[in-house]
Chemist: 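Okay, handing you the structure first.
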Amino acid sequence: MKKMILECVTVLCVAGFISNAQALTVTTNAVEDTYVRGGIYAHTNYNDASELQLKYHTGSMENTREIYYKFDLAALTNLPGVIESATIELYRSNGSGGQPIHAVCETFTDLAWSANDITWSNPPAMAISQFPSQTDYNPRASEFANDMTPGETSWFRVDFTDRLNEYVDAGRTGVTVHIYGGTPNSSPYAYFIALEHGSTDKHPRLEVVCRTYPVGLAAAAPVTGGGVTVSWRAYPQATGYTLEMADSEDGPWTTESVSGTSHVDTGISYGSLRYYRVTATLPVAQSDTSPVVRCVGQAVRAALADTYVDSSNKDDLYGEGEVLRVKNSGGVSYHRESLLRFNVAGLGAASARLRIYHGSTTGDNDNPSPFRSNGLIVLRKVDDTGWDEGSVTWNTLVASGFTLPNNPGASLISGEICRFYTAGTNAKWFDLDVSDVVNRYATNGVVMFELCAAYQADGGSLFLFSSKEAGATAPELIVSGRPFGQPGPVSAVSTNTTATLSWEGLLEAKSYRILKAAQASGPFSLLGTTTDTVYEDSSLVYGFAAYYRIEPVAVDDSLGPQSESVEVFPLVTEILSPTADAHVQYNEDKFMGALPTIWVKRYNGYDREGFLQFDITNLPARVYSNAVLRIVAATQEANVDRSNTQVVIERIEPFAWIDATLNWSLATANLSLPTSTGYVPTYELARFQAEDADLGTVYEFDVSSQLTAARRAGDQLQLHVYVATANPANSAKSLTFFSKESSVESYRPTLTCTYNPRSFGTLILLR
């Protein structure tokens, strides 16, 4: 199996894998879908709609729309492995508005509803009369949200993995998905392709990827008492697991038999590297081994101090409570700002993340537990003024020179790190990247943060976060890094003349020396220095290998240990233009090889077929790492129904033609043209949907195997492009793309061939 290494540097960071181990992808369309609309449309059924509408209008119920989908899960209950990922995919066909749409999805298992009769006033049984247009609406099961770009027409994807695993484990036969717009504004809206739409390739669907090894392998931050928790998802029918651990990606590996799906590894310290992989023990065999996950030793720091201050109670103390409060009323009164201080002494960081819990589990007299709000929170870096949580108040903080923002919702504020949307219906953790602050702005080993509210509707919402007194939900700073030592691993990407090197940074290194040699054993000489962890060498020479090492330089100018050598052998890239290209028209002897565009079309006697010819005589007879055909769409035929236009590209056996001689008669004399949908291409290399083609749309296809075959057969690669979709009445299935005669060079067809000159050896006899 190909070795895959991924790095976990955040708490419970689950990486995605690509592996040569068996993978099965199952895609299932929704079995029912519809949308509902409020107000005067509350009793209207929209089951026959070809597009499903989503909108959230705070001032008008009749302009608010919500969507329901039903998916059948029966096909997923007996998968030969474990679900690695599940994604709900919806195609957004239209939309507008001046800001992103914050679409919220919730799921429930009630399937006793039909798209034929569902309305706003008659929702699924699990739905209640209350709708998301009301601020205290709470989803009933799972909530997950994504933002959509205004006006963007594209796939909208939502991760459904965890919820689907729960449903499959429970034997559920189906799921209902309810989507509503969570952006409280009258402008943004989105339309999605429905099951009734003719574009079947854009119907709502659920894509599930199954793997034959345990998935979800992750290394968490150090646990109480030391060590790292390594965990993974349960594998079906597993009787146990073998966890392998090593200090190097090449081993040696130590093994640990584990009965559950987690293990605490005490063999890792802050800044060190540790590698993990896991195998499931099945009743009759072992599963495949998971890809390798690499973990950098992490440190968890609890807050040294945290509190909030209140502009309406300027002399009150709040440092000993379990709640951090944040509010922005839009004025100078009733502001609450929360402060957090962390000790990072001795922890120079490659990365750092602040984890805070919104929706405190503890309430107070005027805010029953739990209390959560919707809105934007601003996290900003502030200077430490030496405050003490047992004595700091609004007045003492201001008196110390600390500046509190009156209106953080207006624009970017001083020291702002990020903003995050609470979507406050469920309590949740927020994981915020503060690497730059910890790396650059720690003062005397201390960093300090402030939480401000940017959302001001209804006089200002109140947000509650857990403080350091809250126990399991207390704030924490997760720091990941490597101490000064050997850089690595070093990776390299090369082109014809350039090598791009990259490596992991070291905490105490102020710069790096780049060493280069012509042989792996040296001698190495200094090529250059950099303060970055990326370096580009543009002095590669065709046919000659180069070897590199990275040497760190400490603050005191002492040199650290050099990295392992990395070899680079320059690849060669050649870009070919067509020697001839043209299209022919059904039963006509016109020559159309001098036109700036090539038409392929299927429409009642006006069928057109495209041809491309590349001279590969001068290409070395080598094994190509890849060859890519690139064509660019031109302006498409107007006022016709181009839906479901499927285009096929095939390699054909070469015959003699040039631009000025190719017509329908010559083409049909040398090969069979697809005048019917029953045509079967001999050497098909690509089949794609082109109904959405527009001026400048780029299509790229891997033609490596076909280039190799053509190279064996002769000195030309000839390609045939045609439309495979039958056309119903009043529709024309067509695609227009630029030819080599285009006045814009970047629009012309090209064939890009990349190979390693070192392959000139025992594998060169391709002809």
Chemist: Within a strict 4.5 Å, meaning less than it, do heavy atoms of the K740 and S577 side chains meet?
Modeler: no
Chemist: I need the minimum non-hydrogen distance between G610 and V600, along with the two atoms involved.
Modeler: N-CG1, 3.5 Å
Chemist: Can you name the closest pair of heavy atoms from D159 and A86 and give their distance?
Modeler: OD1-O, 3.3 Å
Chemist: Looking at V534, is its backbone amide N or carbonyl O close enough to the side chain of E536 to form a donor-acceptor pair, meaning the two atoms are under 3.5 Å apart?
Modeler: no
Chemist: State which residues pass side-chain contact (heavy atoms from CB on, under 4.5 Å) with D247; sequence neighbours excluded, sorted by chain then number.
Modeler: R274
Chemist: Can you list the steps and then say if Y548 with V568 is a side-chain contact (heavy atoms from CB on, under 4.5 Å)?
Modeler: CA-CA 8 Å; Y548 300 90; V568 175; 3.7 Å; yes
Chemist: So which heavy atom on P214 is nearest to which on S290, and how close?
Modeler: O-CB, 3.6 Å
Chemist: How many angstroms lie between atom OG1 of T255 and atom CD of E244, to the nearest 0.5 angstrom?
Modeler: 7.0 Å
Chemist: Can you name the closest pair of heavy atoms from A634 and T597 and give their distance?
Modeler: CB-CG2, 3.8 Å
Chemist: Checking side-chain contact (heavy atoms from CB on, under 4.5 Å) for the pair L717/R651: CA distance, chi angles, key distance, verdict?
Modeler: CA-CA 7 Å; L717 173 66; R651 177 175 67 86; 3.6 Å; yes
Chemist: At what distance, to the nearest 0.5 angstrom, does CD of Q706 lie from OG1 of T708?
Modeler: 9.0 Å
Chemist: Can you tell me if T254 uses its side chain to pair, donor with acceptor, with the backbone of M245 under 3.5 Å?
Modeler: yes
Chemist: Can any side-chain N or O of S704 pair as donor or acceptor with the backbone N or O of A627 at less than 3.5 Å?
Modeler: yes
Chemist: Quick one: list whatever passes salt bridge (Lys or Arg N to Asp or Glu O under 4.0 Å) with D201, sequence neighbours left out.
Modeler: none
Chemist: Hey, are K516 and S539 close enough side-chain-wise for a donor-acceptor pair under 3.5 Å?
Modeler: yes
Chemist: Do the non-hydrogen side-chain atoms of F544 and F569 ever get within less than 4.5 Å of each other?
Modeler: no
Chemist: Quick one: do Y512 and W503 satisfy ring pair (Phe, Tyr, Trp, His ring centres under 6.0 Å)? Show the steps, please.
Modeler: CA-CA 10 Å; Y512 302 90; W503 58 92; 5.5 Å; yes
Chemist: Say you draw a straight line from CZ of R355 to CG of L477; how long is it, rounded to the nearest 0.5 Å?
Modeler: 11.5 Å
Chemist: Do the side-chain N and O atoms of T617 and D615 include a donor-acceptor pair separated by under 3.5 angstrom?
Modeler: yes
Chemist: The criterion is salt bridge (Lys or Arg N to Asp or Glu O under 4.0 Å); which residues satisfy it with E700, sequence neighbours excluded?
Modeler: R630
Chemist: Checking side-chain contact (heavy atoms from CB on, under 4.5 Å) for the pair E564/V490: CA distance, chi angles, key distance, verdict?
Modeler: CA-CA 8 Å; E564 298 295 330; V490 181; over 6 Å; no
Chemist: What distance separates D532 CG from L501 CG, expressed to the nearest 0.5 Å?
Modeler: 11.5 Å
Chemist: Looking just at side-chain N and O atoms, do T212 and D288 make a donor-acceptor pair shorter than 3.5 Å?
Modeler: yes
Chemist: Can you tell me how far CG of L515 sits from CG of L526, rounded to the nearest 0.5 angstrom?
Modeler: 6.0 Å
Chemist: Tell me, please, which residues at least two apart from Y276 pass ring-ring contact (aromatic ring centres under 6.0 Å, His included).
Modeler: none
Chemist: Could you tell me if the side chain of R513 sits less than 4.5 Å from the side chain of V553, heavy atoms only?
Modeler: yes
Chemist: Kindly compute the distance separating CG (L354) from CG (L432), expressed to the nearest 0.5 Å.
Modeler: 5.5 Å
Chemist: If you apply the rule side chain to side chain donor-acceptor pair (under 3.5 Å), what do you find for T279 with S287, and how did you get there?
Modeler: CA-CA 6 Å; T279 306; S287 75; 5.2 Å; no
Chemist: What residues, two or more places apart in sequence or in another chain, satisfy side-chain contact (heavy atoms from CB on, under 4.5 Å) together with S248?
Modeler: D250
Chemist: Run the side-chain contact (heavy atoms from CB on, under 4.5 Å) test against S743 and tell me which residues pass, sequence neighbours left out.
Modeler: none
Chemist: Looking at I575, is its backbone amide N or carbonyl O close enough to the side chain of T752 to form a donor-acceptor pair, meaning the two atoms are under 3.5 Å apart?
Modeler: no
Chemist: With T661, which residues qualify under side-chain contact (heavy atoms from CB on, under 4.5 Å), at least two apart?
Modeler: W657, I658, L666
Chemist: Kindly write out the residues that satisfy ring-ring contact (aromatic ring centres under 6.0 Å, His included) with Y91, not counting sequence neighbours, or none if the list is empty.
Modeler: W155
Chemist: ring-ring contact (aromatic ring centres under 6.0 Å, His included) with Y535: which residues, sequence neighbours excluded?
Modeler: none
Chemist: What pairs with Y722 under ring-ring contact (aromatic ring centres under 6.0 Å, His included), at least two apart in sequence or on another chain?
Modeler: Y679, H720
Chemist: With the side chain counted from C-beta on, respond yes when L751 and V703 share a heavy-atom pair under 4.5 Å apart, and no when they do not.
Modeler: yes
Chemist: Report the residues that fulfil salt bridge (Lys or Arg N to Asp or Glu O under 4.0 Å) with E89, sequence neighbours left out, ordered by chain and then residue number.
Modeler: R157, R205
Chemist: Do T25 and V208 have side chains that get closer than 4.5 Å, going by heavy atoms?
Modeler: no
Chemist: Hey, is the main chain of L595 close enough, under 3.5 Å, to the side chain of S739 for a donor-acceptor pair?
Modeler: yes
Chemist: Could you tabulate the donor-acceptor pairs under 3.5 Å formed by side-chain atoms of residues 683-693, not counting sequence neighbours?
Modeler:
unit_1, atom_1, unit_2, atom_2, d
Y683, OH, E653, OE2, 2.9
E684, OE1, R687, NH2, 2.8
E684, OE2, R687, NE, 3.1
R687, NH1, Q646, OE1, 3.1
Q689, NE2, N644, OD1, 3.2
Q689, NE2, E691, OE1, 3.0
E691, OE1, T645, N, 3.2
E691, OE2, K202, NZ, 3.4
D692, OD2, K202, NZ, 3.0

Chemist: Which pair of heavy atoms, one from L735 and one from Q636, lies closest together, and at what distance?
Modeler: CA-OE1, 3.5 Å
Chemist: Does a side-chain heavy-atom distance below 4.5 Å link V215 with W232?
Modeler: no
Chemist: Between G251 and A246, what is the shortest heavy-atom contact and its length?
Modeler: CA-CB, 4.0 Å
Chemist: Can we say D581 and R748 salt-bridge, meaning some charged N sits less than 4.0 Å from an Asp/Glu carboxylate O?
Modeler: no
Chemist: One pair to check against side-chain contact (heavy atoms from CB on, under 4.5 Å): F524 and S565. What are the steps and the verdict?
Modeler: CA-CA 10 Å; F524 285 83; S565 300; 3.5 Å; yes
Chemist: Looking only at the side chains, is there a donor atom on one of T497 and S538 sitting less than 3.5 Å from an acceptor on the other?
Modeler: no
Chemist: Quick check: do I649 and F701 have side-chain heavy atoms less than 4.5 Å from each other?
Modeler: yes
Chemist: Could you tell me whether a side-chain N or O of H583 sits under 3.5 Å from a main-chain N or O of E609, the two making a donor and an acceptor?
Modeler: no
Chemist: Flag the pair L719 / E650 as yes when at least one side-chain heavy-atom distance between them is below 4.5 Å, and no otherwise.
Modeler: no
Chemist: Mark yes or no for whether S563, through its side chain, and I550, through its backbone, hold a donor-acceptor pair below 3.5 Å.
Modeler: yes
